[in-house]
Amino acid sequence: MSNQRPPASSGEDDRLACFPYGVGHSAEGVCLLVQMGPHRILLDCGLNDISPLQAAGSPPADVVLCSHAHSDHAQGLLALHNAFPQLPIYASEVTTQLLPLNWLDVRPEDVPRFCQALPWQTPIEFREGLSAQLFPAGHLPGAAAILLTYTAPHRTYRLFYTGDFFLSNARLVEGLSVEALRGTQPDVLIVEGSYGTARYPHRRQQENQLVERIDQALAAKRSVLLPVPTLGLGQELLMLLRSHHQFTGRNLDIWVDGTVANACDAYLELLPHLPTSVQNFARHQPLFWDERVRPRVRRLDEQQQQNLGQTPCIVLTDETVNLKTYCGSDPSLWAILRPERLRYPSTVNDTGITGVETYLLTEHNDCMGTNQLIHNLRPQHVIFIHGSPTYLADLAGLEELQNRYHLHTPGRGTLVELPIGETFIQPAPPERNYEGELTEFGTVVTITLPEAIAADPRWQDFADTGLVEARWQGEELVLRGLSQRELLSQSSNAKMPANVDCCANCRHQRGQRCWNPASPLYAFKVTPEGYCPVFEPIEFPTGE
Ligand SMILES: [Zn+2]
Ligand SMILES: [Zn+2]
């Protein structure tokens with residue numbers, strides 16, 4: 001069932017709804033109209049044709065918030081501004097600086113600075129009773145997750161929109177901090193699920209694998225061609241090549257061409273907003289354009305283009321250009337590495353070019369990260385967007401999510417009503433699983449557990465006496481810490497059969513300790529079933 005119309009602005013104070021003009025399936029951009037009571041908020045405008053937003057002839061929203069500068073979230077903003085110049089548009093400061101990269105084909109004087117910058121973390125009240133708060137979301141410099149707070153007459157409603165987000169640190173942007181979101185308690189979470197339920201290796205591991213492959217190609221006297229999107233991945237790759245120990249100091253040329261080079265220029269303007277490690281790096285050498293420090297990074301000019309590939313080099317260029325421009329003369333001298341399209345099939349056309357390989361460098365969370373965020377925020381409603389509909393359906397099919405939240409995976413044009421229950425009990429997050437290590441030394445088994453286990457407040461109870469009880473439960477081994485209290489009651493209540501040779505029945509055991517100087521257990525705490533060779537039975541009255 002689909003309702004093809006956005007919600008009409010109504011006087012319903014407690015109505016929450018979301019109408020997607022685009023949910024980012026495949027190459028379709030993200031553009032979501034959110035209604036919170038009387039307020040209409042447009043989240044992102046990644047449409048390349050904004051006519052659905054103009055259908056009513058009046059502004060489609062009261063305010064527009066843009067999560068980040070990638071085209072699938074931002075490319076429609078200029079047209080939207082031109083259609084409704086009075087419509088306020090906001091983003092983080094860095095995003096406002098990167099936005100113009102979306103319109104490089106428009107004359108710069110025709111791109112007004114229509115987007116207003118918002119600070120991080122500070123709630124800003126746009127309209128009476130409606131405020132927004134931006135949190136750094138990882139993924140791309142400036143990318144923001146947005147918390148909308150609407151104060152209705154009887155209660156407050158909160159909606160959290162992740163935009164594109166990534167919990168891991170990348171080279172040029174730190175990951176989203178779940179810690180910073182503590183206490184936000186949104187009723188509704190709109191979360192991107194680009195990678196579905198897949199799991200991927202850690203980002204550092206992926207970087208090392210890519211570095212290895214580039215290294216091998218160069219060693220085989222081949223040049224490396226890296227087609228990338230304008231913004232984000234290319235700059236990450238440059239930073240990786242400039243700072244990875246396998247490349248630093250190496251006599252190697254890295255050429256940058258097309259709009260990727262424009263985005264590098266934009267990054268240089270952002271230096272004060274980049275991670276401290278990057279600022280420190282830039283204190284000693286330029287981030288990108290550098291002929292002096294090896295490997296050299298330069299903008300490709302026409303003259304250089306003639307000589308490309310004569311000695312092995314690396315070229316970064318736009319993913320959409322004809323690659324023959326670079327490797328046409330002798331493709332056997334080139335290794336072409338494209339980023340793997342995890343979210344949807346590639347739309348680029350490599351006909352007539354051989355030897356194109358793909359590599360993995362993730363920029364969104366895998367299933368673990370997505371679920372971690374959801375369980376930390378514990379909203380009533382979760383709306384999944386972005387990526388392939390099958391991936392999103394996989395996520396929405398997860399039992400651990402179905403049992404706890406109302407899950408929605410709307411397509412474009414499907415209105416989602418978001419009724420908020422007053423008596424909703426926040427579901428407890430599921431327990432996390434940790435991996436430990438097992439070592440067997442002869443008769444002793446040592447189990448090593450990660451620190452996170454001991455950081456849990458329950459650990460103190462578990463480790464209280466330093467004694468654990470282990471028993472099999474079917475195929476599983478259950479470990480339980482024994483408390484002081486339990487030890488006491490265990491020994492006093494222990495009903496060991498009187499004919500068993502054990503501490504409980506030994507005349508040297510008093511107060512759960514052994515008082516026989518001849519015993520190896522002397523002065524130690526003993527358990528009722530304990531035993532040593534100098535056991536002596538308690539003298540029971542014989543009743544004779
Ligand atoms: Zn993005
Ligand atoms: Zn996106």
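Order of listing sets the numbers, starting from 1, for every ligand and every atom in it.
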Parallel, tilted or perpendicular: ring planes of H73 versus H68, cut at 30 and 60 degrees: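 Ring orientation, 0 to 90° scale: tilted.
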Name the orientation class of the two ring planes belonging to Y90 and F126 (parallel below 30°, tilted from 30 to 60°, perpendicular beyond 60°).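 Because their plane-to-plane angle lies in the 30° to 60° range, the rings of Y90 and F126 count as tilted.
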Taking atom types as modelled, find out whether [X] and [Y] have a side-chain donor-acceptor pair closer than 3.5 angstrom.
{"X": "E192", "Y": "H364", "value": "yes"}
{"X": "D318", "Y": "T320", "value": "no"}
{"X": "T362", "Y": "Y195", "value": "no"}

What's the count of protein N, O or S atoms under 2.8 Å from the Zn ion (ligand 1)?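 Count of protein N, O, S atoms less than 2.8 Å from the Zn ion (ligand 1): 4.
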Are D62 and R40 ion-paired here, with the side-chain N under 4.0 Å from a carboxylate O?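 Yes.
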